[in-house]
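So that the names make sense, note that chain A is the first sequence line, chain B the second, and so on, each numbered from 1.
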Amino acid sequence: MSPSPAQRAEVLRRQIDEAGKAYYDRDEQLIPDAEYDRLVRELEALEQAHPELVNADSPTQRVGGKAASRFAEVRHAVPMLSLGNAFSDEEVQDFVRRISERLRRDTVRFSAEPKLDGLAISLRYESGRFVQGATRGDGTMGEDVSANLRQIKVIPHTLQGSGWPQVLEVRGEVYMARADFEAYNADARLHEGKVLANPRNAAAGSLRQLDPKMSARRKLSFYAYGIGEVRGGELPPTHSATLAQLNEWGFPVSELCQVVEGGEGLLAYYRDIGERRDGLAFDIDGVVYKLDDRAGQEQMGFVSRAPRWAIAHKFPAQEQTTTVEAIEIQIGRTGAATPVARLHPVAVAGVIVSNATLHNADQIERLDVRVGDTVIVRRAGDVIPEVVSVIADRRPAGTSPWRMPTECPVCGSEIVREEGAAAWRCSGELSCPAQRKEAIAHFASRRAMDIDGLGDRFIDLLVETEVIRSPADLYTLTIDDFLLVKFVLDSERESIDSDLRAIIATDANERTRDLFGKESDVKSAFDPVNLAGDAWRAYVFGLLRQSGATFDWPKKHARKWAENLRDAINASRTPTLERLIFALGIQHVGESTAKALATWFGDLELIRHLPWPLFKRVPDIGGEVARSLGHFFEQPGNQEAIDALLQVGQVRISDAHPPSAKLRDGLDFAQLLVEAEIPGITRLRAEKLVAMLPDAASVLDAEPVQLVAAGLPNEVALGVADWLDHDGHGPMLLKADEYRRTLLERAPEATSQSEGPLEGQTVVLTGTLAQMSRDEAKERLEALGAKVAGSVSKKTSFVVAGTEAGSKLTRATELGIDVWDEDRLVAFLAAH
DNA sequence: GATCCTCGAGTTCA
DNA sequence: CTCGAGGATC
């Protein structure tokens, strides 16, 4: 027979009481936390179902029960002071000098400690028993969080050893270890609980939980670093000895505490801890130096609320709080709308941060970032600032959740989200100036056409003034064009050439005369403020360009600059095929795909007219990328842009060659039908079909009946007929077959290539190489047949590590992958 | 269908 | 550097 609810409740209470007593009174853990939790929860459930079983003795009433609505206030008998801060070596030296001068000592001994990023608290012991614990509060009044502090295992409930004063206040930091923080958040994510921003907030939040059970679930730790009120006893005469004494009485004291001498000792300690910082189990935001002997401390005294004998030497903050002034969206090259938080400028890890990416709309929703919010900003590990979380308590009234705008802020087109995708896109494509700018900037970038000296700022202006609309226009620009645009950029221009005035004055357009006719107005009319973002400006620029005016205005160095730019543009006229394809900025086509296209097809004409299913013949190109290529080349505008580059721009590809022989492998007409992804067409069916209808034209002309006669099931035949009628599939198939034949004609017979010594090997480069650039190393390795990948995996053959190699090297070591140093690479390259 | 790997795209500041 | 997603592979 199972026990009655009353009996079961009794058993549970006894178990919980025993475990609790052992834990509180003797610091013993009889049962694991999880088990303890389970028992309590079972009892709670039982009591809820049978309220008559509840009595005042029940552990549920004592541990949690009706928690106080807020914490009681506690007055600190000895105030909890704050510390002065030092951020530089000089400030530390000043601190040391002040002490040695006032105390008239040549050498000063300090106790140096890590400064934990947690929550300062004070623990009060009377007759060796813990009686009360309080937060720092404003230094004089704190909050009584005794119940929560009792849940922290490392805080003794009774003092060990002997010799403790009658009344002893121990001060220290409550913190959450990184591992516990990670574990807590992993669990919270799993159970859709509240994810905490950082260990500090986690610790603070936990201590302020009204329900000690909640607090108990979060594993907090504690380090003692000082004392408050002491009555009825003596403590050792130095701070370091006091810490050792506290440790004997049962308090955890950081092992990083050290006694050092003089300013040099302090700075050496600071640097040492700084280097070990990332490897510590907990977060620290600096170190603290305290004059070691108490007599000296008393002599030094206090300034306002901080002791003159101690100082905190802070590390540059890696995390900071600031406010969100606005959330704007940026339009990228592909039209992707990326929200960016404009922040009140704040120093994070040594630089001033005023922008932080919010990645995408989902991310904003997850964090619920709103304009006006106070947020935590971090530069995690790397460089790029990100918003970690919102501080909910500091949200001003009247905010509303951020919503993705429905219109592009630049061109006004609709912003749409592709089905299932995370990104929202401006639908304006190349009619959107933002996308045009980015497209041109991409075209000119180092890894594409490599036009040196054509900066973003200048491209913006070229596009805004409509001096250029497409990459090809770059090649038509004259030195005067550059100077004209530069003219707007240059705030120090003094005079305007008389030719220019003459043109303006004689222009037929009344508005031109109105604006520019009077000499006194000419300057202000060209002021960037008056010209900003206006179709009118474009008109004026057009006018000036047409006139063929020349400028005396530019200073000599400006003319030199313009000549350099022209030379750089000229020099970019003979790109390799792979660079040109990459420069076109086709979605999903980055450097490596561009290179694959170039090496496999070898010829721009072939690529730009190829029916898209054939792109899938290239390894690493699948349906999505092939379709994207097809979509790009189908746009008449894009084809015109390419024509313009070749004809007007006189761009000549330097490395055309016949397509790769491998492209013809198995590429008969039947295979083409399969690769065109016609619904229902398998290889087998395609072969049957081709037996009767041997070329594209006959397939196109066929009635569904004939398709059935050729061996296709009814439904498939109808599907094929339907497919051929749709979306230009029919003509495309025709073209595809035509190109199939071209490929067959132009591709040479397969020849056995001479294999490089690294054929089939995958190499990863990391760190900084001294003797060559990463790009150069990559090129030379590829020339030997290696594949150079960006990240380390099981498949990696070996890793070449330069100096300051980072995570990739770590990963290589973990996976047991060969690591070469630079010398070995250089020797290998020289040998082959 | 799941899993692993790689590529593309976007990002900040001095 | 990191995230998301495409491609290859089992």
query: Should the ring pair A:Tyr270 and A:His313 be called parallel, tilted or perpendicular, given that the plane angle runs from 0 to 90° and is split at 30 and 60?
result: parallel

Donor-acceptor list for residues 332-346 of chain A side chains, cut-off 3.5 Å, not counting sequence neighbours:
from: A:Arg333; atom 1: NH1; to: A:Gly585; atom 2: O; distance (Å): 3.1
from: A:Thr334; atom 1: OG1; to: A:Arg425; atom 2: NH2; distance (Å): 3.0
from: A:Arg342; atom 1: NE; to: A:Glu328; atom 2: OE1; distance (Å): 2.9
from: A:Arg342; atom 1: NH1; to: A:Asn355; atom 2: OD1; distance (Å): 2.6
from: A:Arg342; atom 1: NH2; to: A:Glu328; atom 2: OE1; distance (Å): 3.1
from: A:His344; atom 1: ND1; to: A:Glu325; atom 2: OE2; distance (Å): 3.1

- prompt: Between B:dT11 atom C1' and A:Ile331 atom CD1, what is the distance in whole Å?
  reply: 15 Å

task: Measure from the side chain of A:Thr593, starting at C-beta and using heavy atoms only, and say which of B:dT12, B:dG10, B:dC7 lies closest.
output: B:dC7

Please enumerate all protein N or O atoms sitting under 3.5 Å from an N or O of nucleotides 8-10 of chain C, with distances to 0.1 Å.
from: C:dA8; atom 1: OP1; to: A:Asp620; atom 2: N; distance (Å): 2.7

query: For B:dC13, does either OP1 or OP2 sit under 4.0 Å from a side-chain N or O belonging to A:Ser354?
result: yes

field: Residue A:Gln330, side-chain atoms from C-beta onward, closest of B:dG8, B:dT6, B:dT11
entry: B:dT11

message: Between C1' on B:dC7 and CD on A:Glu578, what's the gap in Å once rounded to a whole number?
response: 15 Å

field: Nucleotide nearest A:Ser592 (side chain, heavy atoms from C-beta), chosen from B:dT12, C:dG6, B:dC7
entry: B:dC7

message: As a test of reading the structure: which of C:dG7, B:dT6, B:dG10 is closest to the side chain of A:Val625, going by heavy atoms?
response: C:dG7

task: In whole angstrom, give the distance that lies between atom CD of A:Glu328 and atom C1' of B:dT11.
output: 16 Å

- request: Indicate whether OP1 or OP2 belonging to B:dT11 is found under 4.0 Å from a side-chain N or O atom of A:Asn355.
  value: no

message: Run the side chain to side chain donor-acceptor pair (under 3.5 Å) test against A:His729 and tell me which residues pass, sequence neighbours left out.
response: A:Trp723

statement: Out of B:dT11, C:dG6, B:dT12, minimum distance to the side chain of A:His588 belongs to C:dG6

- request: Could you check how far CZ of A:Phe582 sits from P of B:dG8, rounded to whole Å?
  value: 8 Å

- prompt: Nearest-Å distance, CD1 (A:Ile586) to P (B:dG8)?
  reply: 12 Å

- request: Not counting sequence neighbours, list each pair that qualifies as a salt bridge (charged side-chain N to carboxylate O under 4.0 Å, His left out) and has a residue in residues 617-626 of chain A.
  value: A:Arg617-A:Glu675

task: List for me each residue that meets side chain to side chain donor-acceptor pair (under 3.5 Å) alongside A:Asp89, sequence neighbours excluded, and say none if there are none.
output: none

A:Arg342 CZ - B:dT11 C1' separation (whole Å): 12 Å

field: Within residues 589-599 of chain A or reaching into it, pairs that qualify as salt bridge (charged side-chain N to carboxylate O under 4.0 Å, His left out) - sequence neighbours excluded
entry: A:Arg447-A:Glu591, A:Lys595-A:Glu782

- request: Fit a plane to each ring of A:His442 and A:Phe582, take the angle between them on a 0 to 90° scale, and name the class: parallel (under 30°), tilted (30 to 60°) or perpendicular (over 60°).
  value: perpendicular

message: So, using side chain to side chain donor-acceptor pair (under 3.5 Å) as the criterion, who are the partners of A:Arg271 when residues are at least two apart?
response: none

message: Going by the rule ring pair (Phe, Tyr, Trp, His ring centres under 6.0 Å), which residues pair with A:His588 if we only count those two or more places apart in sequence or in a different chain?
response: none

- line: Residues in residues 442-450 of chain A with a heavy atom under 4.0 Å of DNA chain B, by number, are none

query: Mapping A:Gly335 and A:Thr796 to their closest nucleotides on DNA chain B, which lands nearer the 5' end?
result: A:Thr796

- prompt: If you check the A:Glu624 side chain, which of B:dG10, C:dG7, B:dC13 turns out closest?
  reply: C:dG7

- request: Taking only the side-chain heavy atoms of A:Val353 (C-beta and beyond), determine which of C:dG6, B:dC13, B:dG10 contains the nearest atom.
  value: B:dC13

query: Does the ring centre of A:Trp820 sit less than 6.0 Å away from the ring centre of A:Phe828?
result: yes

task: Could you please name the option among B:dA9, B:dT6, B:dC13 that lies closest to any side-chain atom of A:Thr334?
output: B:dA9

- line: Between CD of A:Glu438 and C1' of B:dT11 the distance, given in whole Å, is 12 Å

- prompt: So, is A:Thr357 near the phosphate of B:dT12, with a side-chain N or O under 4.0 Å from OP1 or OP2?
  reply: no

statement: Rounded to whole Å, the CD-P distance (A:Glu386 to B:dG10) equals 18 Å

